[in-house]
Amino acid sequence: METDVIIIGAGLSGMYQLYRVRQLGLSVQVFEAGDGVGGTWYWNRYPGARFDSESWTYGFSFSDELLRDWDWSEHFSPQPETLRYCNLVADKFDLRRDIVFNSRVVSASYNEHDDRWEVVLEDGRRACAHFLVTAVGPLSAPTMPAIPGVADFRGEAYHTATWPHEPVSFSGKRVGVIGTGATAVQAITEIAKTVGHLTVFQRTPNWCAPLHNSTIDAATRARIKANYPEIFARCRNSYGCFIHDADRRNALDVSHEEREAFYEKLYGEPGFGIWMGNFRDILIDKAANDTITDFMRRKIRQRVKDPVLAGKLTPTNHGFGTRRVPLESGYYEVYNQDNVRLVDLRETPIEQITPAGIKTSAAEYAFDVIVYATGFDAITGAFDRIDIRGRGGQRLRDKWADGPHTFLGLQVAGFPNMLTLVGPHNAATFCNLPRCIEQNVEWVTALLQHMLEKGYRRIEPTAAAETAWTQHVHETAARLLATQVDSWMTGVNRNVPGRQKRTFMAYAGGAPKYREKCDQVAAAGYEGFILS
Ligand SMILES: Cc1cc2nc3c(=O)[nH]c(=O)nc-3n(C[C@H](O)[C@H](O)[C@H](O)COP(=O)(O)OP(=O)(O)OC[C@H]3O[C@@H](n4cnc5c(N)ncnc54)[C@H](O)[C@@H]3O)c2cc1C
């Protein structure tokens, strides 16, 4: 089948792009690997899965009707509610009729003779379009640990990102969880409430901060609904489009007492305020970062009764905020339970998954259930899993082997008419996502409209624009302490071959600067792109 546009993925990005493309009068089909919409919120059904963004800042802002018809029940809503929200979006805008579910794209290739992209699905079906929009997700390619024996385990085994649709019971069971990232922190806290015995296998402890979730009462709900324009405007102007924006002061410009009081206040407040609304220099100045890191270290010691265990749960290889901060609701207290044990993999690495459980260099642990909370091949992983070939058969995977090269994170030289919505090098890589998704989708839609009006058939960035942007992304990131740390933000994943070298995945200049740059490019007639 041939359409004007093919979109890969029916998460929030793909759904909104579909809605906008239709308004241009273009024909479109969306291919989605899952059997429902919602992307992240469709796949990640693990216990405890919920927002770290305030729910009321996360929903789409483009439709007053949608804002009017939807109520969030909690300040940080759980996954089932967010999935219901995604389904409401699909129903309200009648999106499903252009989405082909259970359809994983395995390859996409550009034919320069007729300016067409051909995609091939896992089952061999083929489809063509003039434009290809990737909405494949920043965290949608799950990774398993690189440990032998995974297939040998005889009990139940689950990856958090491909969690079953039916409830999983942990009651009276011996459960092993591998991983201590943001997902694991949520899952461990929830599993610990009902588990028989829980063992957590930790390689890298993270600095976790309290979420402070609560339900939204009727008065607050009414206030939120009345204030959506202000809420979205505030997000729009903040660095990561969260409701929290950095404090104008530097950490060391205030007295010790004032600093401590400020950290205490942030620690007692909901959401990412302690990360995003902290002193402006804590993520760029080591001495400033040391002060908040020391504060967080003391908090762990206060909350975990056993000092040895507290030590193991305290990061030693990175400062607070230089990796994704997990938000928690009683995570540290889990380790005060008699039926919970921590295995520090820095001391005793896992050697093998066995039929009965997990074998480290020191012992073998027997389990009824193993939970792999081992995360994703982030940002570029979903691209790498598709054989994408541009002009002359060039593979995207090869072009990005040493790290991504893009212009605005939205296009790649040599891959005409392919638009990458939440790919590397745009502000969406680290953002309160729907805010950045709306910006990117609207920018792409305006570009398509411009091409239709002017009769252009092809768009591609110049090599010079791509080089300059890629350099700019790296220069902007250089000041961040995060670039000195291995994490998915720096493209390092020890479970994925070839992902051991640091690069920088996100545009670190912040969403407002990114938007300004994109607007400038458009206003200058899409400067840096070749339109023909
Ligand atoms: C557990 C978890 C919690 C999160 N919490 C927050 C939060 O609080 N705030 C926030 O801003 N962000 C959060 N995120 C990030 C989240 O991914 C984004 O908020 C948002 O959902 C991204 O939407 P998307 O449409 O770009 O990508 P996704 O939601 O990942 O959707 C991508 C879709 O593309 C499909 N796809 C991928 N490859 C193919 C292929 N080859 N063929 C066919 N289909 C394909 C996938 O199946 C998926 O449905 C969280 C992510 C996770 C994993």
Side-chain angles (χ1 to χ4, degrees), residues 6-18 29-46 48-55 57-60 75-79 82-83 85-86 89 99-108 119-122 127 132-142 159-163 181-187 211 213 235 240-243 271-272 276 324-327 373 375-379 381-388 420-423 426-438 440-441 488 511:
I6 285 176
I7 298 170
I8 310 177
L12 292 176
S13 303
M15 286 200 289
Y16 186 41
Q17 188 67 75
L18 164 59
Q29 57 185 332
V30 180
F31 293 110
E32 166 55 53
D35 70 2
V37 298
T40 287
W41 308 107
Y42 167 88
W43 293 105
N44 291 268
R45 298 167 188 247
Y46 61 85
R50 65 171 64 249
F51 282 141
D52 288 333
S53 297
E54 284 73 5
S55 312
T57 68
Y58 187 93
F60 280 126
H75 284 279
F76 301 90
S77 285
Q79 171 273 333
T82 311
L83 183 57
Y85 173 78
C86 295
V89 173
I99 305 175
V100 192
F101 292 106
N102 299 308
S103 299
R104 182 172 291 283
V105 173
V106 291
S107 74
V119 305
V120 180
L121 306 181
E122 212 164 22
L132 177 71
V133 180
T134 65
V136 291
L139 299 170
S140 63
H159 190 289
T160 48
T162 49
W163 200 263
T183 283
V185 165
Q186 291 182 334
L211 175 67
N213 184 31
C235 290
C241 291
F242 288 91
I243 199 74
F272 274 146
M276 301 282 139
R324 162 58 153 100
V325 175
L327 293 181
F376 302 93
D377 184 0
I379 318 294
F383 288 91
D384 285 352
R385 291 178 189 199
I386 306 173
D387 186 8
I388 299 177
T420 54
L421 282 182
V422 184
N426 68 54
T429 320
F430 188 71
C431 185
N432 179 22
L433 248 299
R435 305 282 66 77
C436 288
I437 287 171
E438 285 184 339
N440 284 358
V441 165
W488 61 259

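One-based numbering, in listed order, for ligands and for the atoms of each. Positions are given from 1 along the sequence.
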Can you tell me how far apart [atom1] ([X]) and [atom2] ([Y]) are? Round to the nearest 0.5 Å.
X	Y	atom1	atom2	value
Thr134	Phe383	OG1	CZ	3.5 Å
Arg435	Thr57	CZ	OG1	7.0 Å
Tyr58	Thr82	OH	OG1	7.0 Å
Gln79	Thr40	CD	OG1	10.5 Å
Arg50	Leu327	CZ	CG	11.5 Å
Phe272	Glu54	CZ	CD	9.0 Å

Below 4.0 Å from ligand 1: does a non-hydrogen atom of [X] turn up there or not?
X	value
Pro138	yes
Ala182	no
Arg385	no
Ser103	yes

Which of the listed options, [options], holds the heavy atom that is closest to [atom]?
atom	options	result
atom 32 (C) of ligand 1	Ala378, Pro142, Ser140, Ala135	Ala135
atom 23 (O) of ligand 1	Val30, Ile437, Ile7	Ile437
atom 27 (O) of ligand 1	Gly11, Gly137, Gly181, Ser53	Gly137
atom 5 (N) of ligand 1	Phe272, Trp41, Phe376	Trp41

Which heavy atom of [X] sits nearest a heavy atom of [Y], and at what distance?
X	Y	value
Ala378	Leu139	CB-CD2, 3.7 Å
Tyr16	Ile437	CD2-O, 4.4 Å
Phe242	Met276	CD1-SD, 4.2 Å
Ile99	Ala10	CG2-CB, 4.0 Å
Ile386	Ile8	CD1-CD1, 4.1 Å
Val106	Glu122	CG1-CA, 3.8 Å

Distance to 0.1 Å, residue and atom name: give those for the protein heavy atom nearest to [atom].
atom	value
atom 44 (N) of ligand 1	Ala33 N, 3.1 Å
atom 34 (O) of ligand 1	Gly9 CA, 3.2 Å
atom 26 (O) of ligand 1	Ser13 OG, 2.6 Å
atom 20 (C) of ligand 1	Tyr58 OH, 3.4 Å
atom 1 (C) of ligand 1	Tyr46 OH, 3.3 Å
atom 15 (C) of ligand 1	Leu139 CD1, 4.4 Å
atom 29 (O) of ligand 1	Thr40 N, 2.8 Å
atom 39 (C) of ligand 1	Ile8 CG2, 3.9 Å

With heavy atoms of [X] as the reference, note each atom of ligand 1 found under 4.0 Å away.
X	result
Val422	26 (O)
Asn432	11 (O)
Trp43	46 (C), 47 (O), 48 (C), 49 (O)
Ile386	41 (N)
Asp52	7 (C), 8 (O)
Gly39	28 (P), 29 (O), 31 (O), 48 (C), 49 (O)

### Query
So, Trp43 versus Phe376, ring centres under 6.0 angstrom or not?
no
### Message
In the complex you have, is atom 42 (N) of ligand 1 within reach of the protein, judged by whether a heavy-atom distance drops under 4.0 Å?
### Response
yes
With a heavy-atom distance limit of 4.0 Å, tell me whether [X] approaches ligand 1 through its side chain, its backbone, both, or neither.
X	value
Val105	both
Cys431	backbone
Phe31	backbone

Are any of the N/O atoms in [X] less than 3.5 Å from those in ligand 1?
X	answer
Gly14	no
Leu12	yes
Arg324	no
Thr183	no
Leu433	yes

### Query
Once you find the SG atom in Cys431 and the one in Cys436, is the distance between them below 2.5 Å?
yes
### Query
Can you say whether the rings of Trp41 and Phe51 are parallel (under 30°), tilted (30 to 60°) or perpendicular (over 60°)?
perpendicular
### Task
Indicate yes or no for a side-chain donor-acceptor contact from Asn440 to the backbone of Leu421 under 3.5 Å, with no hydrogens or angles considered.
yes
### Task
Keeping the roles fixed (side chain from Ser55, backbone from Ser77), state whether a donor-acceptor pair exists under 3.5 Å.
yes
#### Entry: Side-chain donor-acceptor pair present, Gln186, Tyr46, cut-off under 3.5 Å
yes
